[in-house]
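To keep things clear, I will list the structure first and then write my remarks on it.
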Amino acid sequence: MAKNLLIVESPAKAKTIEGYLGKDFLVKSSYGHIRDLVKGDDAIDTENKFQQKYEVPSDKKAIVSELKKLAKAAEMVWLASDEDREGEAISWHLFETLGLKEDNTKRIVFHEITKPAILKAIDSPRKIDYNLVNAQQARRVLDRLVGFELSPVLWRKVKPSLSAGRVQSVAVRLVVDREREINKFNAEAAYKIVAIFYTGKGKEIFKAELSKRFEEKEEASKFLKDCLNASFAINSLEKKPAKRTPSAPFTTSTLQQEASRKLGFSVARTMQVAQRLYEAGRITYMRTDSVNLSDTAIQAAEQEILKAYGEKYHKLRKYKTKSAGAQEAHEAIRPTYFSEHTIEGDASEKRLYELIWKRAIASQMSEAEFEKTVAKVGISTRSEELIASGEVMKFDGFLKVYFESIDEDQETATDNDSDNTLLPPLEKGQQLTLNEMTATERFSRPPARYTEASLVKKLEELGIGRPSTYAPTISTIQNRGYVVKEEREGKIREFTVLTLNSGEIQEAIKTEVTGAERNKMFPTDIGVLVNDFLVEHFKGIIDFNFTAKVEKEFDEIAQGNKEWTDMLEGFYIPFHSEVQDTLENAERATHERELGVDTISGKPVSVRVGRFGPLVQIGTAEDEEKPRFASLRKGQMIETITFEEAMELFKLPKKVGEYEEKEMTVAIGRFGPYIRHNSAFYSLPKGIDPLDVTQKQAIDIINEKRQKDIEKIIRVFDENPEARIENGRWGPFVRFGKQNLKIPKGTDVSAITYEDVLKWAESDPKAKTGKSAKKTTTRKTTAKTAKKK
DNA sequence: CAGTGAGCGAGCTTCCGCTTGACTT
């Protein structure tokens, strides 16, 4: 039996460290926290100094009993959880739960998993820092109190099963606020002038732009007219050097942002893939807020840069974290071995690894150097100058390996036509020939909707949430139905272009698509409803600065300057009375709007949230005739739907005639417009207005789909025509009546027998429940309650 | 992928942060 037991948080870490320490040390992992507050409402005694009741959750029992046994047998137990609030608390929980003794327990910390760092840590052990532990307890208790007092208020005043919390409610608020900013945004049009010149020598052309825009078409038109017979010359020519420096290596949040922009990963996917890379020993820990690289890593990066690119490309850089509330228990995310430019693995692992490798290597490379040229073009008939700018890269530096992309909302407002490319050789005073000049109507853009990753970025800036919770938080607000990640079709907008060409000015109307979105965060009606309720009654809690404020107090507790129970007292007393007050006095939250009166029936038209989601209603429950209902569609919200849009909803479903003695109905479902015929669904091709579908069109669509379905069939089983192998979206699968069966990996598709199909059908888990897995939530809860009994 | 939009009313829901698998899909 080993003399020393060393406990860290993560098993992958344990494995690495064991290799450094030799056989006197047994290194084990606690798998994160081993204790938590008990589940129900009596975990915290708010009357009695916030005394807590902890328990070991069932999935941690095995690990705790194993650690207990090992601790008993060891001469010395080293608690090596992370050096932050949570890590310190983990050590304390271990100390308490494993029944450790002061004189054979040591607390050590390190920021990087390298042999010298670990040996150094072992040489300088300390004791558990109870101030830090108390700060964590205050954090934990505050979050429980906020979550478990606010949520029941929502159950009573809004809808059961809803949730609220210090982090998630602010995340939702950001999305709701942004949506409202966009809704009230008025796009302003202005004319942008772009000229294309010949240099005169040869046929070289370049582009120049007017820095100001004209609000009125008349002004723009006047400008072009003035240019009709003007002469143009280079007034000034300025060249100056410019530099670009590399970004710091990745933290959790910057990795999520770049993987989203460059690879199109959701934040959850990024974390899954990163976890695999970490477990395979390819990268350092992926949940970190630190941009710091260890000295050994800096050296290794240097060596690799010298070897692969040469000395000119290297520059030693140290990065400092500036994000609020960073606890820096780990290094930045970097490859464990810089010499491995790529790795084996699946496509997503390879791509994410390369991103991490490039970013980390680039962070230790020299600046990219440019020469920026700005030429000002004078117009003989006007005082304004047109500006042409170009950029030449003189030295690529870090750009040799890495180019950081930027978010939509940080792009220059001048669209992308002013690309910084090379200008032809120019001289001051040089006369130019105008090839073409355009005045294009451009519109100002509303603030960008959040993507998952840009929402994480915003949360991090506000100091809300931690690297380990960013991805789960983004999932939670979507799972609760507060926010959806969706595509939205844009609208077609007209704009005017005036063109001066060959001595005349022409006007044209063009169209563009505006407001189209992909994978953006939209609030739902229930998200808006809950948010507005919380903002009205608990302004302090879902204030963007609430976390920052309490974090400051947690820091004071950690430094021993404040009693944690005092801090909680100060928070809880007013908070709890707000909760009581709201429960007693607040109206039930509703979000109902009267849109107008239906001209045909004379009944009122209103929108509200119903049991199955947002709906429009014509008439009221008191009427003799039952009200008519219609669900809102994707992209429509109670807050913004118009009377006309609402009335449109009642035009569908619409019967479009019969085919094969069965009715055909056109309607709109979750996946868009479709035709329903004989209990089958046929989606409408894009571009056909569901309101205009004719009987003939519908029949064509049905037959086309049938034809395609036949083409998908690979084989029908003789024993049963209901059983067949088909080509699906992800490859072949077996259709067996209403069951869709997965073909086990490695099966030879051509050799599948009917017996195989029967066997698979039997073991198909969906067959037993009868229905397809429609309501996973209800199934989960019933499973849980069944377990309890 | 539809339509549904009522009411009965026991027992349940819920937080944030630290970690992985064991589960489906």
Side-chain angles (χ1 to χ4, degrees), chain A residues 8-14 29-37 39-41 43-44 57 59-60 63 81-82 84-90 93 136 139-156 159-169 272 275 278-279 285 287 327 329 464-470 472-473 476 480 547 608-617 621 626-631 634 652-653 665 667-676 679-684 730 740 742 765-766 772-773 776-785 788:
Chain A
V8 292
E9 291 179 36
S10 138
K13 219 191 243 184
S29 153
S30 73
Y31 292 81
H33 273 295
I34 51 143
R35 277 208 304 194
D36 193 14
L37 294 173
K39 279 197 178 67
D41 286 332
I44 299 156
D59 57 332
K60 290 289 167 62
I63 190 74
S81 48
D82 296 346
D84 58 13
R85 213 160 56 200
E86 298 298 327
E88 202 67 24
I90 288 174
H93 282 305
Q136 192 274 346
R139 199 280 305 155
R140 180 70 190 91
V141 169
L142 180 130
D143 280 335
R144 169 58 69 87
L145 291 173
V146 169
F148 275 42
E149 296 216 6
L150 280 189
S151 300
V153 178
L154 295 180
W155 305 343
R156 283 268 303 276
K159 205 175 111 172
S161 299
L162 294 173
S163 67
R166 175 177 59 84
V167 173
Q168 59 168 289
S169 297
Q272 273 167 21
Q275 175 86 31
Y278 169 66
E279 283 168 17
Y285 198 57
R287 291 186 275 262
Q327 305 204 359
I464 298 171
R466 303 280 314 130
S468 66
T469 60
Y470 293 140
T473 300
T476 301
R480 295 255 173 275
T547 290
R608 63 183 170 90
V609 180
R611 203 145 64 95
F612 306 105
L615 60 90
V616 193
Q617 179 176 342
K626 269 193 174 176
R628 293 166 64 203
F629 299 99
S631 294
K634 184 175 153 185
L652 289 173
T665 314
I668 294 191
R670 253 192 343 125
F671 307 135
Y674 63 89
I675 301 166
R676 196 171 157 84
S679 72
F681 298 94
Y682 304 88
S683 351
L684 277 191
W730 298 287
N740 291 341
K742 203 166 125 180
K766 266 184 283 180
S772 60
T776 42
T777 44
T778 50
R779 280 207 312 176
K780 256 185 207 162
T781 50
T782 48
K784 239 192 230 172
T785 45
K788 269 190 178 173

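Just so it is clear: chains get the letters A, B, ... in the order the sequence lines come, proteins before strands, and each one is counted from 1.
Heavy atoms of A:Ala12 sit nowhere under 4.0 angstrom from any nucleic acid atom. As judged by a 4.0 angstrom heavy-atom cut-off over every strand, A:Leu162 is placed among residues touching the sugar-phosphate backbone only. Across all strands shown, A:Tyr682 has no heavy atoms under 4.0 Å from either base or sugar-phosphate atoms. A:Gln275 comes within 4.0 angstrom of the backbone, heavy atoms only, and of no base. Nucleic acid contact for A:Pro627: none, since no nucleic acid atom lies under 4.0 Å from a heavy atom of the residue. Heavy atoms of A:Pro673 sit nowhere under 4.0 angstrom from any nucleic acid atom. Residue-level contact check: A:Ser29 touches neither bases nor backbone, having no heavy atom under 4.0 Å from any strand. Nucleic acid contact class of A:Gly465 (heavy atoms, under 4.0 Å, all strands): sugar-phosphate only.
Heavy-atom distances to DNA chain B give each of A:Lys159 and A:Tyr278 a nearest nucleotide, and the one nearer the 5′ end belongs to A:Lys159. With the nearest nucleotide of DNA chain B identified for both A:Gly613 and A:Lys13, A:Gly613 has the one nearer the 5' end.
Residue A:Ser161 has its side chain nearest to B:dT13 when only B:dC18, B:dT13, B:dG3 are considered. Nearest nucleotide to the side chain of A:Arg166, out of B:dG17, B:dT20, B:dC15: B:dG17. Closest to the side chain of A:Phe681, out of B:dT14, B:dT13, B:dC1, is B:dC1. Listed nucleotides B:dC15, B:dT20, B:dA2 differ in distance to A:Arg287; the shortest reach to its side chain belongs to B:dT20. For A:Tyr285, taking side-chain heavy atoms from C-beta onward, the closest of the listed nucleotides B:dT14, B:dG17, B:dC18 is B:dC18. If you check B:dA2, B:dT19, B:dT4 against the side chain of A:Glu9, the one that comes closest is B:dT19. Closest contact between the side chain of A:Asp36 and the listed nucleotides B:dT13, B:dC18, B:dC16 involves B:dC16. For A:Ser151, counting side-chain heavy atoms from C-beta on, the closest listed nucleotide (B:dC15, B:dT13, B:dC18) is B:dC15.
Following rounding to the nearest Å, A:Arg85 (CZ) and B:dC18 (P) show an atom-to-atom distance of 8 Å. Rounded to whole Å, the distance from CD on A:Glu86 to P on B:dG17 is 8 Å. Going from atom CZ of A:Arg156 over to atom P of B:dG11 covers 18 Å, rounded to whole Å.
Remark: the backbone N or O of A:Ala164 is paired with a side-chain donor or acceptor of A:Ser151 at under 3.5 angstrom. A:Lys159 places no side-chain N or O within 3.5 Å of a backbone atom of A:Leu154 that could act as its donor or acceptor partner. Between the side chain of A:Ser81 and the main chain of A:Gly87, a donor-acceptor pair closer than 3.5 Å is present. At distances below 3.5 Å, not a single donor-acceptor pair connects side-chain atoms of A:Thr665 with backbone N or O atoms of A:Pro653.
The shortest distance between the side-chain N/O atoms of A:Ser10 and the OP1/OP2 oxygens of B:dT19 is not below 4.0 Å. Of the side-chain N and O atoms in A:Arg466, one or more sit less than 4.0 angstrom from OP1 or OP2 of B:dC18. Using a 4.0 Å cut-off, no side-chain N or O of A:Ser30 falls inside it from OP1 or OP2 of B:dC18. Distances shown here put a side-chain N or O of A:Thr469 below 4.0 Å from the OP1 or OP2 atom of B:dG17. Contact check, A:Gln136 against B:dG17: no side-chain N or O comes under 4.0 Å of OP1 or OP2.
Comparing the same atom, P, in B:dG11 and in B:dC15 gives a spacing of 23 Å after rounding to whole Å.
Listed by chain and residue number, nothing satisfies the side chain to side chain donor-acceptor pair (under 3.5 Å) test with A:Arg156 (two or more places apart in sequence, or in another chain). Listed by chain and residue number, A:Asp82 satisfy the salt bridge (charged side-chain N to carboxylate O under 4.0 Å, His left out) test with A:Lys13 (two or more places apart in sequence, or in another chain). Take A:Phe629 and apply the ring pair (Phe, Tyr, Trp, His ring centres under 6.0 Å) test, not counting sequence neighbours, and it matches no residue. Judged as a side chain to side chain donor-acceptor pair (under 3.5 Å), and not counting sequence neighbours, the contacts of A:Glu88 are A:Arg107, A:Arg126. Considering only residues two or more places apart in sequence or on other chains, A:Tyr470 meets the ring pair (Phe, Tyr, Trp, His ring centres under 6.0 Å) condition with none of them.
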Intra- and interstrand pairs of DNA chain B - dot-bracket, Watson-Crick/G-U under 3.5 Å, | marks other strand = .........................
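Interface remark: the A:Arg676 side chain does not form any donor-acceptor pair with the B:dC1 base, using a distance-only criterion of under 3.5 Å. Between the side chain of A:Arg144 and the base of B:dC16, no donor-acceptor pair under 3.5 Å is found.
In this structure, A:Trp155 packs face-to-face on the six-membered ring of B:dT13, meeting both the 5.5 Å centre cutoff and the 30° plane limit. Both geometric conditions, a ring-centre gap below 5.5 Å and a plane tilt below 30°, are fulfilled for A:Phe148 over the base of B:dT14.
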